[in-house]
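Following: one structure in structure tokens, then a few remarks.
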Amino acid sequence: MEQAAGCPAPGGSYPQKNAEILSSQYGINLFLAGLLLTFAWAVHAVGISKSHLLSYLITLMLIQLLWMLWYLCRSCTQRRLIRDKDTHAGARWLKCGITLFAVITLILDSFKIGYYIDFSNCLSPTEGIFPVTHAVHTILQVYFLWCHAKDVIQSFKTLERFGVIHSVFTNLLLWTNGVLAESKHQLNEHKERLITLGFGNITIVLDDHAPQCNCTTTTLCSIFSQGIYYLYPFNIEYHILASTMLYVLWKNIGRKVEHHQQNKTPFKFHGITVGMIFGLIVLTSTIAIVVVYLIQIGGSKIKSELALTMFYLHAIFVLALMCTAGIVALLIYRLEDRSLDNSKNPARKLDAELLVGTAAGSWLLSWGSILAIICAQGHPKYTWYNLPYSVLVIIEKYIQNLFIIESIHREQEKVNDDIKTLRIVTISRGSTLSLTPMYKEICNGRAAHDSGDIPCLLKGSICGRENDGAGVAKEETSQDNSLVMHSASDFSFSSRNSVTNNKRRILKNIAAFLFLCNLSLWIPPAFGCRPEYDNGLEEIVFGFEPWIIVVNLAMPFSIFYRMHSAASLFEVNCKT
């Protein structure tokens, strides 16, 4: 028997809930198997080589390619059907960002292909197959996300859950593989810098996975091997962004979407000049600091200490400015009385969870540095700058998270009905008393026949001809009085709007400034400027290997936090 409209069949949600649980467990086991395989290769486990890891990743990518092709073909055959869309998922600016990272990832794949050709005598064939497969996977995945990131899947839901979650964890494993390769390169440089700083008592043999044969073209090999590690940060961001977009798609499977029009909020440079100028100053100075840091660090003990001091002073200044801007924005929110949007939104929920979760990586490193400074026996002068830097990192992320999460949950401001009515009345020559309610009825979608009268707005000049004699004089008197009242009301509305616009302008400038600051703070750790490695004090207190493990685990989350915060602040700027 058919159920009443709007009432689901008893137990109808259980199969889909079971499919969600089964698919999530499948994805987790897929990820854990790949994670252990990656770890085994990193520590030179017996019987595990890089070819085994790459073969596993190639297999996962090929399965995802088959699923995406099947989904695209099925969507093409059903293109005339009206599909539900999640308007909050897959924003255009997010798609543009992932496309930029994907293009740089393709350059990375071409470098890997060239590297394999030069060392083909002693490299496994999988090292040549992997970048080719990865390039095809990247192109098709970006196209898939551009076309279907907003989809709310309502058919083949069980199969689609497994396909999407497979894609999520495939990207997470590719992200893990990129993080490991980049971290091993950073470790090799880190040991040389520590020796330069005078920490010669720290001894550890770092693993070297370099090919055991000569390169056919020395110059090209040097370009490929060095260039690969400068492109890894973009590859890492690409895969983590892809996994988050696919996760939102997975959460939307079978979801009932409320059909309401979402206001489009394009990005505009108008009104954010101050925030952009200060943000660009921070961005430019950060790039200069990173260049000088990478040149000076490891050159000599004095140069290394000066580079660390320079980095800490610059970071302290930037973080203090960001804390101040965040506090001002939160104070403005406290002065406003606007409700929060608590509707179900997987994309927004994931954004908030990622902000807090990835911030924990930086907090872990900061508390480790604070504890090392307190417990260390000796303190070189530059290490004292690490204390305010670590404290400000904790405070700044705390404030910024509050600002972003509240911003993305605030309802967008709507134009008041009274303001709409006022604008019509002040330019109309008709009767104020008859026009005002009828305009509200039109705005609210109510039919004119409810009152039994034809609105003057539709009758045009007929209303004007109905009045004669004393009625005309009475109408002119009432119009004069109404214009005076409307002028006073117009002044109060304009003053209120002026205050609102000023607050809005300040918030947009703060969001623009914080957006550029987060991009600035993403650059140093992504391109090898990592004082957590080069300080040396933490290694003495915690030991070299334990601290390096902590840094390697926490640093990827810290790097992703900055890029994710920048993306969220861009959205905040568009919505404000």
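- With sequence neighbours left out, the side chain to side chain donor-acceptor pair (under 3.5 Å) criterion links Gln25 to no other residue.
- Applying the side-chain hydrogen bond (donor to acceptor under 3.5 Å, both in side chains) test to pairs two or more places apart or on separate chains, none has a residue in residues 28-37.
- Here the side chain of Ser366 pairs a donor or acceptor atom with the backbone of Ser362 at under 3.5 angstrom.
- Using the six-membered ring where Trp is involved, Tyr238 and His134 have ring planes that are perpendicular, over 60° apart on the 30 and 60° scheme.
- Although no hydrogens or angles enter the test, the distance criterion places no donor-acceptor pair under 3.5 Å between the side chain of Thr284 and the main chain of Ile281.
- When every heavy atom of Leu94 is checked against every heavy atom of Leu241, the shortest pair comes out as CD1-CD2, 4.0 Å.
- Side-chain contact between Ile399 and Leu330: present, with at least one pair of heavy atoms (C-beta onward) separated by less than 4.5 Å.
- Heavy atoms only, all atoms of each residue included: Trp175 and Pro556 are closest at CZ2-CB, 3.7 Å.
- Checked against the 6.0 Å centroid criterion, the rings of Phe234 and Phe527 qualify as a close aromatic pair.
- With a 4.5 Å cut-off on side-chain heavy atoms, Val356 and Ile405 count as touching.
- Ion pairing of Lys251 with Glu353 is absent here, as no side-chain N (NZ or NE/NH1/NH2) approaches a carboxylate O to less than 4.0 Å.
- Under the 3.5 Å distance criterion, with hydrogens and angles disregarded, no donor-acceptor pair is assigned to the side chains of Asn235 and Glu182.
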Tell me, with the steps shown, if Trp250 and Ser167 meet side-chain contact (heavy atoms from CB on, under 4.5 Å). CA-CA 10 Å; Trp250 180 74; Ser167 304; over 6 Å; no

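- The shortest non-hydrogen separation linking Ser407 to Tyr333 is OG-OH, 2.7 Å.
- Using a 4.5 Å heavy-atom cutoff, the side chains of Gln141 and Leu246 are in contact.
- Side-chain contact check for Met310 versus Leu306: every heavy-atom pair is 4.5 Å or farther apart.
- The 12-atom threshold is not exceeded at OH of Tyr230, counting heavy atoms of other residues, nucleotides or ligands nearer than 6.0 Å.
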Audit row: Ile236, Ile240, side-chain contact (heavy atoms from CB on, under 4.5 Å) steps and yes/no: CA-CA 6 Å; Ile236 291 168; Ile240 199 70; 5.6 Å; no

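- His314 and Ser285 share a side-chain donor-acceptor pair at under 3.5 Å.
- No hydrogens or angles considered: nothing links the side chains of Tyr247 and Asn171 as a donor-acceptor pair under 3.5 Å.
- The main-chain N or O of Leu537 is never found under 3.5 Å from a side-chain atom of Trp547 such that the two would form a donor-acceptor pair.
- Using a 4.5 Å cut-off on side-chain heavy atoms (C-beta onward), Leu569 and Asn518 make contact.
- Ring-plane geometry between Tyr232 and Tyr229 is classed as tilted, the angle between the planes lying from 30 to 60 degrees on a 0 to 90 degree scale.
- Aromatic rings of Phe119 and Tyr115 (six-membered ring for Trp) have centroids within the 6.0 Å cut-off, being under it.
- Counting heavy-atom neighbours within 6.0 Å of Leu331 CG, excluding the residue itself, gives a total above 12.
- A donor-acceptor pair under 3.5 Å is formed between the side chain of Ser110 and the backbone N or O of Ile107.
- Residues Met322 and Leu392 fail the side-chain proximity criterion, which asks for heavy atoms closer than 4.5 Å.
- The aromatic rings of Phe278 and Phe513 sit perpendicular, their planes meeting at an angle over 60°, well past the 30° parallel limit.
- The minimum heavy-atom distance between Asn535 and Tyr382, with the atom names listed, is O-OH, 2.9 Å.
- Using a 4.0 Å cut-off between charged side-chain N and carboxylate O, Arg530 and Glu538 make no salt bridge.
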Begin with the C-alpha distance, continue with both residues' side-chain angles, and end with the deciding distance and a verdict on side-chain contact (heavy atoms from CB on, under 4.5 Å) for His137 and Gln64. CA-CA 8 Å; His137 176 270; Gln64 184 185 345; 2.7 Å; yes

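- In this structure, the side chain of Asn509 engages the main chain of Val274 through a donor-acceptor pair within 3.5 Å.
- Side-chain contact between Lys95 and Leu145 is absent, with no heavy atoms from C-beta onward closer than 4.5 Å.
- Under the 4.5 Å side-chain criterion, counting only non-hydrogen atoms from C-beta, Arg562 is in contact with Lys397.
- With sequence neighbours left out, Thr309 forms a side chain to side chain donor-acceptor pair (under 3.5 Å) with no residue at all.
- Counting non-hydrogen atoms of neighbouring residues, nucleotides and ligands closer than 6.0 angstrom, the CZ atom of Phe111 exceeds 12 such neighbours.
- Here the straight-line distance linking atom OH of Tyr312 with atom OG1 of Thr383 works out to 8.0 Å at 0.5 Å rounding.
- In this structure, Ile297 CD1 and Glu305 CD are separated by 9.5 Å, a value rounded to the nearest 0.5 Å.
- Scanning both residues, Leu350 and Thr244, for their nearest heavy atoms gives CD2-O, 3.6 Å.
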side-chain contact (heavy atoms from CB on, under 4.5 Å) between Ile404 and Leu514, intermediate numbers included: CA-CA 10 Å; Ile404 294 175; Leu514 292 176; over 6 Å; no

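- Taking CG of Leu231 as the reference point, atom CG of Leu106 lies at 11.0 Å (rounded to 0.5 Å).
- Here the straight-line distance linking atom OG of Ser124 with atom CG of Leu54 works out to 7.5 Å at 0.5 Å rounding.
- A donor atom on one side chain and an acceptor atom on the other are found under 3.5 Å apart for His52 and Ser49.
- One finds the CG atom of Asp351 at 6.0 Å from the CD atom of Glu571 (value rounded to the nearest 0.5 Å).
- Taking each heavy atom of Lys503 and Ile332 in turn, the nearest pair found is CB-CG2, 4.0 Å.
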Between Tyr561 and Asn401, does the side-chain hydrogen bond (donor to acceptor under 3.5 Å, both in side chains) criterion hold? Intermediate values first, please. CA-CA 10 Å; Tyr561 172 84; Asn401 287 348; 2.8 Å; yes

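- Between the OG atom in Ser558 and the CE atom in Met563 there is a gap of 12.5 Å [rounded to 0.5 Å].
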